[in-house]
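A short write-up of the structure that comes next.
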Amino acid sequence: MWLIEHFHDFAWIVKVAAISLTISIGLIILTFIRILAQALKRRKWNKTMSKLIDRYGDAISYILSPEADHNMGRDKVLELLDIDPQDADPHKLLKDWREKLCMSRIIYQARISEDASVEGNRNLHVLLNIFGLVDFLEEVILKDKPHLKVESLLMLRAFKAPTNQWIANSFINSKRKRLKRLAIYASIMSSSNMDLDYFESDFFGNNFCIYDEIQLGFVLQRRQSAHRKIPNLAHWATIQTDSEAQAMFVRMMRQFNQKEYCSELEEMFHHNSEAHLIEEIARTWGYLGYVDGEELMSDMMLTQPDDGKVSILHALTRLNTGKSLNTLVDGYRNSGSPFVKFEALRCLYLYGEAGRAKFEELRANATETEKPLFKFFENELTLKDIPLEKSARYHSRYGDNLFSVA
């Protein structure tokens with residue numbers, strides 16, 4: 001009001017400038033106050049973290065290290081933490097919400113450290129029990145801000161804590177995608193049922209990203225280490241509508257050695273038009289030694305784009321049954337791509353005595369434009385550097401101009 005009366009007789013542009021300046025100064029002051037408050041808050045968090053690290057940090061790192069006994073009892077852990085058993089009450093050890101979250105972060109960092117033991121789960125669970133952190137993190141998941149919910153789910157998962165199934169399920173339909181994903185993966189890891197129908201839904205069809213492959217691989221490894229059955233990944237691949245999601249499940253079949261389900265991919269391989277999915281199925285059959293897919297791969301080899309041809313050639317070479325020699329020769333003779341011709345020669349070179357004999361026959365009859373491809377095989381040291389699984393690295397270096405390596 002004072003500002004309006006003071007500038008009453010001034011030109012309107014001066015009034016606007018005065019009001020704008022006043023508002024700007026006010027905003028600057030508010031911003032400064034907020035920055036100061038954040039700095040004080042951060043200082044308080046850092047002080048709490050430093051205090052807990054100074055008191056418990058070294059002991060926690062040792063308890064979770066490979067050097068420690070993997071089956072310490074509660075009394076031994078309390079002794080290492082220098083805590084009197086009569087004072088071993090979570091409410092006495094950690095005074096408030098801030099200290100509990102800081103302690104959770106300290107144990108989490110020690111757990112995921114490269115120096116941590118991969119077998120110290122019992123010690124970890126004793127630590128969590130002493131400080132009452134599992135119940136605390138589940139409470140954070142239910143009550144606090146979204147970013148803290150996500151952090152708490154991540155920590156519980158790293159702790160391999162038996163997350164309350166109801167808590168995980170309560171966020172499976174969350175509108176926040178990251179929270180929804182973590183809730184799903186937390187549920188998968190702790191769930192005892194075998195069908196895991198989260199993947200029967202449209203979750204991957206609508207929201208799939210590479211993050212899912214990392215998360216799913218992690219939780220399935222944890223299920224495996226806990227001696228829980230890994231579900232049929234081929235089934236999950238066949239029911240997806242997104243080809244990237246299908247390819248992810250096919251890749252995971254290699255990771256978890258699910259050869260017994262390879263036959264379920266035949267229909268997808270035969271009728272799918274997605275080249276990258278055909279490549280993944282061929283690689284999986286080759287790595288897992290699925291010889292029943294050999295004839296199907298041979299029949300489809302020449303119909304695929306270059307990368308698909310190479311994947312099939314590699315798979316047939318890994319199977320190495322002796323039945324696909326003509327297919328490898330066709331890969332060389334019926335392709336105009338130096339990339340495919342070179343990989344076909346590599347496969348022949350590695351395909352036992354019959355393959356090596358055919359390789360030498362092709363070398364003897366090579367044209368002038370083909371001879372540089374064969375010169376590459378004169379260097380045995382180079383050959384040792386490019387087994388079949390290294391082809392992608394090799395071609396990323398040289399591109400399709402294979403003549404340059406001769």
Side-chain angles (χ1 to χ4, degrees), residues 37-168 170 182 186 189-190 222 225-226:
Q38 289 291 335
L40 292 173
K41 184 178 180 181
R42 191 179 301 110
R43 183 181 178 185
K44 187 178 291 186
W45 277 96
N46 291 339
K47 186 177 179 180
T48 301
M49 183 72 82
S50 297
K51 182 185 75 172
L52 292 174
I53 290 175
D54 291 342
R55 182 172 180 183
Y56 300 115
D58 291 341
I60 289 173
S61 296
Y62 172 73
I63 291 168
L64 299 180
S65 71
E67 290 76 22
D69 179 4
H70 295 154
N71 193 20
M72 287 183 185
R74 179 182 173 86
D75 292 341
K76 179 63 177 176
V77 172
L78 288 172
E79 179 184 343
L80 290 170
L81 292 170
D82 194 22
I83 296 174
D84 189 320
Q86 295 182 352
D87 296 329
D89 182 344
H91 299 292
K92 294 180 180 179
L93 296 173
L94 302 173
K95 299 177 182 178
D96 54 24
W97 181 89
R98 181 181 289 106
E99 287 195 355
K100 291 180 180 179
L101 188 56
C102 285
M103 180 58 74
S104 300
R105 289 170 175 170
I106 291 169
I107 296 177
Y108 174 72
Q109 291 298 327
R111 176 59 181 165
I112 65 175
S113 166
E114 293 181 358
D115 299 326
S117 169
V118 296
E119 300 177 358
N121 292 332
R122 292 187 179 181
N123 294 348
L124 173 64
H125 292 155
V126 170
L127 270 175
L128 296 174
N129 181 263
I130 287 173
F131 293 107
L133 296 181
V134 173
D135 290 341
F136 165 73
L137 290 173
E138 290 185 347
E139 186 176 337
V140 171
I141 292 171
L142 288 174
K143 295 182 179 180
D144 276 289
K145 298 176 182 178
H147 73 279
L148 291 177
K149 294 178 189 288
V150 169
E151 183 182 11
S152 299
L153 276 169
L154 283 170
M155 287 193 283
L156 283 173
R157 190 187 62 182
F159 295 156
K160 301 182 185 178
T163 311
N164 186 304
Q165 194 71 30
W166 178 83
I167 291 177
S170 64
L182 283 172
M189 186 162 62
S190 59
R222 294 300 178 268
S225 64

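In this structure a side-chain-to-backbone donor-acceptor pair under 3.5 Å is present from N123 to D69.
Heavy-atom minimum distance, I106 versus I60: CG2-CD1, 4.1 Å. Minimum interatomic distance between T48 and E99 (heavy atoms only, all atoms of both residues): CG2-CG, 3.6 Å. Between H70 and R122, the closest heavy-atom pair is O-CB, 3.7 Å. What you find for L64 and I107 is that their closest heavy atoms are CD1-O, 4.1 Å. The shortest heavy-atom contact between L81 and A59 is CD2-CB, 3.8 Å. The two residues S152 and V140 have their closest heavy-atom pair at OG-CG1, 3.1 Å.
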Candidate pair R74 and E79, rule side chain to side chain contact (heavy atoms under 4.5 Å, CB included), full reasoning: CA-CA 9 Å; R74 179 182 173 86; E79 179 184 343; over 6 Å; no

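Taking the six-membered ring where the residue is Trp, the centroids of F136 and F131 are separated by 6.0 Å or more.
The side-chain heavy atoms of M155 and L101, taken from C-beta on, include a pair separated by under 4.5 Å.
Within 6.0 Å of the CG atom in D82, the count of heavy atoms belonging to other residues, nucleotides or ligands does not exceed 12. At most 12 non-hydrogen atoms from other residues, nucleotides or ligands lie less than 6.0 angstrom from NZ of K47.
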